[in-house]
Peer 1: 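Okay, here's the structure, questions in a sec.
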Amino acid sequence: MSMKRILVAGYLGAILASTAMTPVSAEVLRVMQGQASGALNVPMNRAVVVESDVPFAELSIANPGIADISTLSDKSIYVLGKAPGRTTLTLLSPDGQLISNVDVHVTPDVAEFKERLQQILPGEQIEVRTANDGIVLSGQVSSTAKLDRALDLANRYAPDRVSNLMVVGGTQQVMLKVRFAEMNRSVGKELSSSVIFNDGGRVNGETGTLLGSGVNGGLFDYRDGIAGGVQLGGSIGGLEFGVLLEALESKGMVRTLAEPNLTALSGQEAKFLAGGEYPVPGESDAGGITITYRPFGVELTFIPTVVDQDIINLVINAAVSSIDTANGFQSTEGGPVIPAFKRRETSTTVEMRDGESFAIAGLLQDDFSNGASQLPWIGDVPILGTLFRSSEFQRAQTELVIIVTPHLVTPVSGEALALPTDRVRIPTEAELFLFGNVASAPNTGAAGEVARQDFSSSYGYVME
């Protein structure tokens, strides 16, 4: 073996050891003198061979940082890709004539990337191409989570040089079912007493001497709203006296239940408002009156994202508001009263599977107050002091729960859906005037099927 061949073999061995390359199928570009040469594609950190049909004496590479070259013989060249990019390989004959200029295109090694992609995401229809010094991904994946994995892996082979042309397939429409349940309970109890003494119309030059409260001429008048009372009276000589015991006990319960359903595309925001807008007057800079509208009712805003198969990420803003006239504001006497608003609101991000439910908010509020008023000193006397003392007790409880349930949905045929108005048909003149029917049910189609359902028994929502 000649010394030249020994040196070339040693040089190639050093290159292979330093780059830790794996064997690849040999790619050979044949250069014909007097003809245009095709482009030479070289994967980064891999090598190809260029063969010339005539011996060459000199060769050069325009940018050694992109590709490295060495001669195997007077007709063979070894080209090693070092960095992504384009450069030119020039071959000259022994008499100094140009044999050819070869366009060398070094691209990221997508062969190994394709293997890793198939191992990590088997079954996904992802196509990999190179563009300039980057990687282009196209095709369809089954979820956004797998799309993110493919992009993360591609960035390891071509950092910040990845073009994403992939689309997410599968069911990407989400229906959010939200249940608002609120229960308000209130209890009020009151026991008051009043005592009156009358000396016949004159005491110290004034009419009547009164002790206690709730007195209104005669002996007593019952106050408004009193559930029951006992009045006792009598006279001793010219002195008249009376005792009035009044009792009040009130109980109340209010139940509120709303169940809005809203459908949105994955990654898109959807809004819902069931209620209205209340006009709120204000004063403008010019001194006039301006009107702004404030929404109230059941409000819902959410952004669903299908991250993997049936796993759904939800960004939710939900609120329940109502007008509170008891805490209104009146700027001037006789002017309009601006009401206050009661508002219960939650904002959160949750992740769950199709059909699973989550209680994202809960509130248990218990307000308690009591008070007592009495006539000084006398009200502290045991037993007898009860006649000169009034007691009041108030308690209010509020329970609020918000439960969300996401579903992956697909469109259906229009005939499979029925509206509440489909159960009603405008009556004919004979049905209206002869039989007194103001509405009748249809007989055919999906509306007729709904109309034939039995709604005579209990149905709807029940809260124990």
Side-chain angles (χ1 to χ4, degrees), residues 8-31 37-51 59 61-73 76-89 101-170 307-309:
V8 170
Y11 179 72
L12 294 177
I15 293 176
L16 292 173
S18 62
T19 57
M21 296 185 298
T22 59
V24 297
S25 58
E27 180 181 344
V28 179
L29 176 68
R30 298 189 180 277
V31 178
S37 300
L40 177 65
N41 294 318
V42 184
M44 189 172 62
N45 295 328
R46 302 203 178 217
V48 296
V49 176
V50 178
E51 290 187 351
L59 70 157
I61 192 76
N63 188 346
I66 294 178
D68 197 3
I69 60 174
S70 63
T71 58
L72 298 177
S73 67
S76 301
I77 307 167
Y78 185 88
V79 182
L80 173 67
K82 297 175 64 177
R86 289 179 179 270
T87 188
T88 303
L89 172 65
N101 283 325
V102 180
D103 185 19
V104 180
H105 184 197
V106 179
T107 60
D109 184 10
V110 295
E112 181 183 0
F113 171 61
K114 289 180 179 179
E115 295 176 3
R116 298 293 180 265
L117 196 63
Q118 186 62 31
Q119 293 171 359
I120 296 175
L121 300 174
E124 297 295 331
Q125 301 175 2
I126 302 177
E127 299 179 2
V128 182
R129 298 181 179 87
T130 58
N132 196 7
D133 60 345
I135 295 177
V136 178
L137 300 179
S138 60
Q140 180 174 298
V141 291
S142 58
S143 67
T144 55
K146 294 183 178 180
L147 183 145
D148 293 338
R149 293 175 195 168
L151 292 177
D152 182 66
L153 182 62
N155 274 301
R156 294 183 178 273
Y157 287 86
D160 300 324
R161 299 190 306 276
V162 179
S163 298
N164 176 27
L165 301 180
M166 295 182 292
V167 296
V168 180
V307 294
D308 191 8
Q309 300 296 331

Peer 1: Return the set of residues passing side chain to side chain donor-acceptor pair (under 3.5 Å) with D148 (not counting sequence neighbours), or none when no residue passes.
Peer 2: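 Not a single residue meets the side chain to side chain donor-acceptor pair (under 3.5 Å) criterion with D148.
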Peer 1: What heavy-atom pair brings A150 and L137 nearest, and what distance separates the two atoms?
Peer 2: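 That would be O-CD1, 4.0 Å.
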Peer 1: Could you measure the distance from the CD1 atom of I61 to the OG atom of S70? Nearest 0.5 Å is fine.
Peer 2: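 Spacing of CD1 (I61) from OG (S70) equals 11.5 Å.
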Peer 1: Quick check: closest heavy atoms across D160 and N155, and the distance to 0.1 Å?
Peer 2: N-OD1, 3.3 Å
Peer 1: About how many Å separate CE of M44 and CZ of R46, when rounded to the nearest 0.5 Å?
Peer 2: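 If I round to the nearest 0.5 Å, the distance is 10.5 Å.
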Peer 1: Of the non-hydrogen atoms in M166 and N164, which two are nearest, and what is the gap between them?
Peer 2: N-OD1, 3.0 Å
Peer 1: Got a list of side-chain donor-acceptor pairs under 3.5 Å for residues 119-131, not counting sequence neighbours?
Peer 2:
residue	atom	partner	partner atom	Å
E124	OE1	S142	N	3.0
E124	OE2	S142	OG	2.9
E124	OE2	K146	NZ	3.2
E127	OE1	R129	NH1	3.3
E127	OE1	R129	NH2	2.9
R129	NH1	S138	OG	3.0

Peer 1: Does any part of the side chain of R86, heavy atoms only, come nearer than 4.5 Å to the side chain of D103, both counted from C-beta?
Peer 2: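 Touching, per the 4.5 Å side-chain cut-off.
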Peer 1: Considering non-hydrogen atoms only, spot the tightest contact between R161 and P84 and give its length.
Peer 2: NH2-CG, 4.0 Å
Peer 1: Can you confirm whether V104 sits close enough to I66 that some side-chain heavy atom of one is under 4.5 Å from a side-chain heavy atom of the other?
Peer 2: no
Peer 1: Can you give me the closest heavy-atom contact between K82 and D68, atom names plus distance?
Peer 2: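 The pair with the smallest heavy-atom distance is CD-CB, 3.7 Å.
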Peer 1: Report the residues that fulfil side chain to side chain contact (heavy atoms under 4.5 Å, CB included) with A62, sequence neighbours left out, ordered by chain and then residue number.
Peer 2: T87, T88
Peer 1: In Å and rounded to the nearest 0.5 Å, what is the CD1 to CG distance from I69 to L89?
Peer 2: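 It comes to 5.5 Å.
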Peer 1: List the residues meeting side chain to side chain donor-acceptor pair (under 3.5 Å) with S163, not counting sequence neighbours, and say none if there are none.
Peer 2: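 Testing S163 for side chain to side chain donor-acceptor pair (under 3.5 Å), a comparison that skips the adjacent residues, returns none.
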Peer 1: Applying ring-ring contact (aromatic ring centres under 6.0 Å, His included) as the test, list every pair that has at least one member in residues 122-159; sequence neighbours left out.
Peer 2: F113-Y157
Peer 1: At their closest point, which heavy atom of A83 faces which heavy atom of G65, and how far apart are they?
Peer 2: CB-O, 3.6 Å
Peer 1: Which residue pairs pass the ring-ring contact (aromatic ring centres under 6.0 Å, His included) test with at least one member in residues 114-144, sequence neighbours excluded?
Peer 2: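 Those involving residues 114-144 do not exist here.
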